[in-house]
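Throughout, a chain's letter reflects where its sequence line sits, starting with A, and its residues are numbered from 1.
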2 protein chains.
Amino acid sequence: MSTKLKDIAQKTGFSLSTVSRVLHKGSQKVSISAETTRIIKKTAEDLGYRPNIIARSLRTEQTHEIGILVPDISNPFFSTIVKNLASELRKFGYGTVVYDTDENTSLEEESLRQLLDKRVDGLIIAAVGQEAKHFKEIVKRGIPLVTLDRCFNDFDVDAVSVDNVYGAMIAVQYLLNEGHQRVAFIQGLPGTYASDERKKGYCKVLDIAGIPIDPTIIVGSDFRAFNGYIETKHLLSMKNPPTAIFSASDLITLGVLEALREEKKIIPQEISLVTFDDPYFTKYLSPAITAVAQPIERMVEIAVNLLFRRMKNPKEQSRRVLLEPSLIIRNSVLRVSKLSAIININNTNS
Amino acid sequence: MSTKLKDIAQKTGFSLSTVSRVLHKGSQKVSISAETTRIIKKTAEDLGYRPNIIARSLRTEQTHEIGILVPDISNPFFSTIVKNLASELRKFGYGTVVYDTDENTSLEEESLRQLLDKRVDGLIIAAVGQEAKHFKEIVKRGIPLVTLDRCFNDFDVDAVSVDNVYGAMIAVQYLLNEGHQRVAFIQGLPGTYASDERKKGYCKVLDIAGIPIDPTIIVGSDFRAFNGYIETKHLLSMKNPPTAIFSASDLITLGVLEALREEKKIIPQEISLVTFDDPYFTKYLSPAITAVAQPIERMVEIAVNLLFRRMKNPKEQSRRVLLEPSLIIRNSVLRVSKLSAIININNTNS
DNA sequence: ACTTTTTGTGCAATCGTTTGCATAATATGT
DNA sequence: ACATATTATGCAAACGATTGCACAAAAAGT
């Protein structure tokens with residue numbers, strides 16, 4: 001087996017405690033002679049000592065692991081988040097344990113239980129829905145938790161997300177200003193924070209512009225590509241089809257693209273498109289798609305920050321950080337009339 | 001704190017050992033009365049007992065965790081693999097610890113060390129390059145290891161991968177049969193198994209077809225999108241540009257698409273394109289891209305199988321499984337002349 | 001009725017660390 | 001020169017589980 005403290009103790013003649021104290025920087029309360037330190041460190045090096053973190057965790061009741069819960073790791077938006085989280089947390093000496101909840105609340109509960117069984121020191125989660133009772137339980141138990149991207153309305157917890165209402169507003173505003181009057185919205189899973197907020201933004205702008213909201217062109221039921229596909233097919237088949245589509249997420253947009261290709265509709269000549277999320281592939285498409293970009297690196301950085309703050313100071317008032325998304329204008333929107341009534345919105349969202 | 005065995009022992013009056021034996025199905029060598037079992041199970045339930053897996057791991061020297069190493073989790077090919085691995089391993093009661101090596105050998109070594117520190121029970125890896133000495137070390141130490149996707153030439157270890165040579169061959173064969181004479185190859189990181197094998201296949205078909213290999217149109221230096229972008233720009237600027245591009249991976253292809261869009265080249269009218277890998281977005285593009293698809297689910301299944309077999313039987317002869325990829329023909333290739341010399345290849349790769 | 005086997009339970013060691021407390025040796029202050 | 005402070009080290013008890021061994025009681029075999 002691998003070397004342990006005992007081996008080093010035996011070889012050097014020092015006690016287990018002394019060896020432990022030398023090799024474990026933490027406990028500086030006690031002093032150790034320079035010579036002893038040297039000898040022990042050298043011996044440890046020679047023997048290729050690596051601490052048994054399992055034993056350490058058992059004793060210290062800390063794992064230095066952060067649990068991460070995402071709805072779908074194969075979605076590039078989340079895999080990018082996971083990648084960034086891992087590298088950010090690594091800087092602070094923390095590892096990550098990632099679970100994919102498959103946009104499924106019961107799998108989410110199950111995964112959460114597993115993470116707790118693993119005794120993670122904290123959690124960063126992008127929740128499936130608005131069902132928060134299992135998470136509230138966690139927080140009550142004093143386990144640091146930060147929500148990322150997906151927020152809870154009725155749960156006061158550290159959170160970071162993009163301002164989804166505002167993001168939807170700038171997208172729809174842009175479409176209207178280019179002269180579109182009939183803009184469809186393909187939403188994600190109703191009940192999820194991201195989807196509902198985006199819908200709010202969509203409605204708000206139509207309202208400001210004085211365009212009546214037509215519920216028949218607010219469609220969609222989840223965040224996957226197939227949803228985008230099926231709803232686009234449906235929208236195109238209407239007697240009075242929309243001239244533009246605003247899509248609630250990157251995957252949905254993929255489905256939209258597939259349907260448009262099948263139906264031989266040319267973007268933007270025959271239909272315009274704006275999407276929420278700016279996955280890496282949007283800029284490679286022809287035409288490139290106009291998109292609402294989320295500052296992922298910044299979100300991740302803030303999430304980690306909030307988490308560590310919480311870990312240091314468990315009693316502190318919780319904070320909710322909303323970041324401003326930006327509209328990246330590419331070539332997927334047709335200007336259908338000369339500018340008439342330019343509408344203007346301000347980001348007055350809390 | 002959470003309930004532990006001791007609490008249950010105290011509450012029921014039985015000893016720690018008895019409680020442990022009831023709650024831990026494993027040790028069936030000893031029998032326990034049905035009544036006792038009932039009482040203890042009920043009490044455990046009531047108290048919401050959850051075993052401390054850290055303590056358990058310390059004692060049993062098993063973590064029930066499998067370490068996974070991938071070069072880039074934000075690449076959809078690998079994030080799909082990770083997702084599938086996690087769900088497949090979960091079926092067997094194993095968790096996963098995922099590390100992203102960022103296509104970087106020294107980060108790979110570092111990650112490997114971390115995984116060992118975590119005492120994972122086995123490893124499934126997609127290695128960065130052909131540098132295998134750190135992995136050989138692992139195998140010598142008796143830790144079960146399976147390589148996935150990326151194989152080592154000079155390292156006899158359980159491995160599963162697609163037949164990359166064959167995959168490249170069917171792709172290039174198809175291009176030639178559609179009448180292309182000048183086919184460029186944009187490779188990935190030279191020295192990696194995947195890239196080198198695909199290049200072999202490319203060369204082999206040209207050889208069979210009697211077309212001399214032009215080293216100036218074998219380009220590229222890594223698996224990322226920017227590589228595809230820059231090399232496509234370069235290929236298009238040649239005095240004698242290729243009529244078709246065969247791209248070694250999905251991300252490279254994204255870069256190719258970006259460059260083609262910038263240069264206003266229409267696919268397939270002005271340039272044809274076939275890509276290795278069949279990431280989920282290929283079918284959403286217009287035109288849809290012809291691609292060499294890898295049977296990811298099958299690869300994952302086999303990798304997990306090999307791993308468990310190895311864990312059961314450490315001495316067994318190692319196996320290497322090569323799966324057959326398939327060409328998914330879509331609309332990114334132009335037929336440039338009527339069929340003349342149809343070439344035929346057989347999958348005679350070992 | 002007396003061995004032998006089976007069944008049910010408990011004792012105590014162990015896994016590899018960390019850390020509060022005790023203590024010996026040395027240094028410092030007066 | 002003596003009291004006190006500081007420095008350097010070791011002892012032993014945790015952390016929460018698993019498991020070989022011992023042993024009593026009950027069942028089975030003769």
Could you give the side-chain donor-acceptor pairs of residues 87-97 of chain B under 3.5 Å, partners two or more places apart or in another chain?
residue : atom : partner : partner atom : Å
B:Glu88 : OE1  : B:Lys91 : NZ           : 2.9

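- Neither OP1 nor OP2 of C:dG8 sits under 4.0 Å from any side-chain N or O of B:Ser33.
- Among the nucleotides D:dA17, C:dG16, C:dT17, the one closest to any side-chain atom of B:Ala55 is D:dA17.
- A:Ile40 has its CD1 atom 12 Å from the C1' atom of D:dG10, to the nearest Å.
- Between the P atom of D:dG16 and the CG atom of B:Asp7 lies a distance of 9 Å, rounded to the nearest Å.
- Relative to the side chain of A:Ser20, the nucleotides C:dG10, C:dT19, D:dT7 differ in distance, and C:dT19 lies closest.
- Ion pair A:Lys42/A:Glu45 not flagged as a salt bridge, since none of the NZ, NE, NH1 or NH2 atoms sits closer than 4.0 Å to an Asp/Glu carboxylate oxygen.
- Taking only side-chain atoms of B:Leu58, from C-beta outward, the nucleotide of C:dG16, C:dG10, D:dT18 with the closest atom is C:dG16.
- In terms of polar N and O atoms assigned as donor or acceptor, the side chain of B:Arg21 comes within less than 3.5 Å of the base of C:dG10 in a complementary pairing.
- Nearest to the side chain of B:Glu61, among D:dT9, C:dC15, C:dT17, sits C:dC15.
- In this structure, CZ of A:Phe14 is placed 9 Å from C1' of D:dT9, rounded to the nearest angstrom.
- One interatomic measurement links the two molecules: CD1 of B:Ile32 to P of D:dT19, which rounds to 13 Å at whole-angstrom precision.
- Residue B:Gln62 contributes atom CD, which lies 21 Å from atom P of D:dG16 at whole-angstrom precision.
- Residue B:Leu23 contributes atom CG, which lies 16 Å from atom C1' of C:dT9 at whole-angstrom precision.
- Among the nucleotides C:dT9, D:dA17, D:dT9, the one closest to the side chain of B:Lys4 is D:dA17.
- One finds no side-chain N or O of B:Thr18 lying less than 4.0 angstrom from the OP1 or OP2 phosphate oxygen of C:dT9.
- No hydrogens or angles were tested; on distance alone, nothing pairs the side chain of B:Arg56 with the base of D:dT18 as donor and acceptor under 3.5 Å.
- Ion pairing between a basic and an acidic side chain is recognised when a charged N comes within 4.0 Å of a carboxylate O; A:Asp156 and A:Arg320 show no such pairing.
- Here A:Tyr49 reaches the OP1 or OP2 of C:dT17: one of its side-chain N or O atoms lies under 4.0 Å away.
- The phosphate of C:dG8 (OP1 or OP2) has a side-chain N or O of B:Ser31 nearer than 4.0 angstrom.
- Remark: P of C:dG8 and CD1 of B:Ile39 are 14 Å apart, rounded to the nearest angstrom.
- Here the two rings, on A:Phe155 and A:Phe135, have centers that are 6.0 Å apart or farther.
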Pair up each side-chain donor or acceptor in residues 137-151 of chain B with any protein partner under 3.5 Å, not counting sequence neighbours, and list the distances.
residue  : atom : partner  : partner atom : Å
B:Arg150 : NH1  : B:Ala127 : O            : 3.0
B:Arg150 : NH1  : B:Val128 : O            : 3.2
B:Arg150 : NH2  : B:Glu103 : OE2          : 3.0

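- The two residues A:Val19 and A:Phe14 come nearest to each other via the heavy atoms CG2-CB, 4.4 Å.
- B:Ser17 contributes a side-chain N or O that forms a donor-acceptor pair with the base of C:dC11 under 3.5 Å.
- Between B:Thr36 and the phosphate of C:dT9, there is a side-chain N or O to OP1/OP2 separation shorter than 4.0 Å.
- Between B:Leu5 atom CG and D:dC15 atom P the separation is 13 Å, expressed in whole Å.
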